[in-house]
Student: 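Take a look at the following structure, please.
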Amino acid sequence: MRGLVNKLVSRSLSVAGQWQQQQLRRLNIHEYQGAELMSKYGINVPKGVAVSSLDEVKEAVKTTFPNQNEVVVKSQILAGGRGLGTFLNGFKGGVHIVKTDQVEDTAGKMLGQILVTKQTGPQGKVVSKVYLCERLSLVNEMYFAITLDRNTAGPLIIACSKGGTSIEDLAEKYPDMIIKVPIDVFKGITDEDAAKVVDGLAPKVADRTDSIEQVKKLYKLFCESDCTLLEINPLAETSSNQLVAADAKLNFDDNAAFRQKQKFSLRDPSQEDPREVAAAKADLNYIGLDGEIGCMVNGAGLAMATMDIIKLHGGTPANFLDVGGNASEGQVVEAFKILTSDEKVKAILVNIFGGIMKCDVIASGIVNAAKNVALKVPVVVRLEGTNVEQGKRILKESGMTLITAEDLDDAAEKAVKAASK
Ligand code: GDP
Ligand code: MN
């Protein structure tokens with residue numbers, strides 16, 4: 001199960017993703033928004049401006065970079081690996097360093113286009129904004145992240161003396177190069193902690209005292225903003241001996257939305273998995289995956305177990321979905337709609353162990369949803385527990401063609417078989 005959880009959560013994340021086993025729901029913000037937040041905390045970031053049209057590009061080049069030879073043009077999508085990505089229009093690279101008179105041309109090839117990177121999936125993500133940044137002369141690229149660690153039940157700083165676009169490969173090949181410094185969440189970060197991190201980064205030219213201060217500021221931002229992830233890659237050194245956060249990814253804990261209203265107003269649904277956007281609206285615990293079996297299960301543990309057993313029988317789940325203990329019929333209808341609108345789904349497996357959740361509510365939800373959507377794939381149902389007889393009767397009387405299963409194993413086997421037809 002652990003392996004699957006890891007896979008689930010790290011599917012769109014990089015190195016620090018492996019430490020984020022619990023992070024199912026989060027807010028992700030754009031690079032330019034993160035840079036603005038970091039600069040408020042006194043963290044060094046390149047000077048930059050985000051623009052969404054060619055007119056704005058022209059204006060920004062004139063006003064923000066009047067005396068510069070070169071500008072960095074960066075596609076803004078909520079996924080990493082942009083540097084090595086490719087646009088569906090054939091244009092290579094989501095990050096370009098170009099002469100100032102070429103900025104418009106380059107931005108024109110990015111704006112409104114779809115960028116595919118190893119974190120976006122093959123469908124890619126639309127670039128609605130480009131971030132124009134001052135070109136810094138980087139003498140060294142390092143990796144830095146703060147996340148929440150389950151083992152120490154607190155923040156963990158991860159650092160590596162080598163960073164940039166190939167950190168994932170590096171982390172796999174040379175895991176010893178990555179250092180981890182757990183922070184006592186009650187004490188906060190000490191000078192010793194920060195120094196340990198800086199030693200792990202091993203900057204070549206940056207001032208040590210300044211670097212320690214930068215690490216402490218990053219930790220302060222992480223805590224005060226209710227981050228679940230702050231990942232800077234590269235954390236770079238400039239020829240003027242400074243550390244600079246050249247590219248950062250920031251995620252925030254959804255449970256803190258009530259006290260981080262300004263940040264949560266930055267949510268950009270155009271960058272999210274549309275299935276997850278719909279699920280969030282219906283208040284469902286849903287994570288989209290790439291498999292062919294749509295799952296509707298109650299309880300996170302049973303949902304994980306169901307996904308594992310599907311795998312065991314040679315199938316792959318299209319999603320994680322926990323309809324929860326007291327889902328309404330309306331939520332069940334929404335959940336079923338999300339599953340059936342997913343073109344990759346070749347079979348649906350409903351696995352309900354009724355406790356607080358009643359089987360008849362689930363059954364009514366499925367029947368009502370089936371009235372509204374064209375059901376093109378087989379549905380395997382396993383119901384057990386509270387009001388199971390009523391639930392089974394509702395399904396039977398609906399006239400829907402369903403495949404019934406006796407237990408979890410039987411259900412998974414039947415779903416895998418149905419999906420492969
Ligand atoms: P990512 O591919 O999505 O992680 O995008 P990044 O923003 O990290 O950009 C990719 C690479 O572009 C970085 O690793 C740097 O090597 C390079 N890069 C980004 N900004 C600058 C800059 O200001 N100066 C220089 N020399 N390189 C930069
Ligand atoms: Mn990067």
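Atoms within each ligand, like the ligands themselves, are counted from 1 in listed order. Below, each value reflects all heavy atoms present in this structure, side chains not excepted, and no hydrogens, waters or symmetry copies.
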Student: Here's a test for you: under salt bridge (Lys or Arg N to Asp or Glu O under 4.0 Å), which of Lys74, Lys249, Lys129 qualifies with Glu31?
Tutor: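 Of the listed residues Lys74, Lys249, Lys129, the salt bridge (Lys or Arg N to Asp or Glu O under 4.0 Å) partner of Glu31 is Lys74.
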Student: Does CG in Asp101 sit with more than 12 non-hydrogen atoms of other residues, nucleotides or ligands closer than 6.0 Å?
Tutor: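 Yes, CG of Asp101 has more than 12 neighbouring heavy atoms, counting only those of other groups under 6.0 Å.
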Student: What verdict does the salt bridge (Lys or Arg N to Asp or Glu O under 4.0 Å) test give for Glu70 and Arg135, after you've listed the backbone C-alpha separation in whole Å, the side-chain angles of each residue and the deciding distance to 0.1 Å?
Tutor: CA-CA 6 Å; Glu70 288 178 320; Arg135 157 94 204 249; 2.8 Å; yes
Student: With sequence neighbours left out, write down each residue that passes side-chain hydrogen bond (donor to acceptor under 3.5 Å, both in side chains) with Ser270, or none if nothing qualifies.
Tutor: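 side-chain hydrogen bond (donor to acceptor under 3.5 Å, both in side chains) list for Ser270, sorted by chain: Asp268.
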Student: Which of these, Asp322, Leu349, Ile293, sits in a side-chain contact (heavy atoms from CB on, under 4.5 Å) with Thr306?
Tutor: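 Of Asp322, Leu349, Ile293, side-chain contact (heavy atoms from CB on, under 4.5 Å) with Thr306 is met by Leu349 alone.
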Student: Checking side-chain contact (heavy atoms from CB on, under 4.5 Å) between Thr340 and each of Val345, Leu375, Asn372, which is the one that passes?
Tutor: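 With Thr340 as partner, side-chain contact (heavy atoms from CB on, under 4.5 Å) holds for just one option, Leu375.
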Student: Classify the ring geometry between His96 and Phe91 as parallel (under 30°), tilted (30 to 60°) or perpendicular (over 60°).
Tutor: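 Rings of His96 and Phe91: parallel, as their planes differ by under 30°.
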Student: So if I only count non-hydrogen atoms and take anything under 4.0 Å from ligand 1, which residues does that give, chain by chain?
Tutor: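 Close residues (ligand 1, cut-off 4.0 Å): Val72, Lys74, Gly80, Gly81, Arg82, Gly83, Val95, Ile97, Glu134, Arg135, Leu136, Leu138, Glu141, Gly164, Thr165, Asn233, Pro234, Asp247.
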Student: Around atom CD of Glu172, are there more than 12 heavy atoms of other residues, nucleotides or ligands at under 6.0 Å?
Tutor: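 No.
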Student: Which residues and atoms, protein N, O or S only, are under 2.8 Å from the Mn ion (ligand 2)?
Tutor: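 Hits for the Mn ion (ligand 2) below 2.8 Å: Asn233 O, Asp247 OD2.
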Student: Quick one: side-chain hydrogen bond (donor to acceptor under 3.5 Å, both in side chains) partners of Lys217, sequence neighbours excluded?
Tutor: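 Checked Lys217 against side-chain hydrogen bond (donor to acceptor under 3.5 Å, both in side chains); zero matches.
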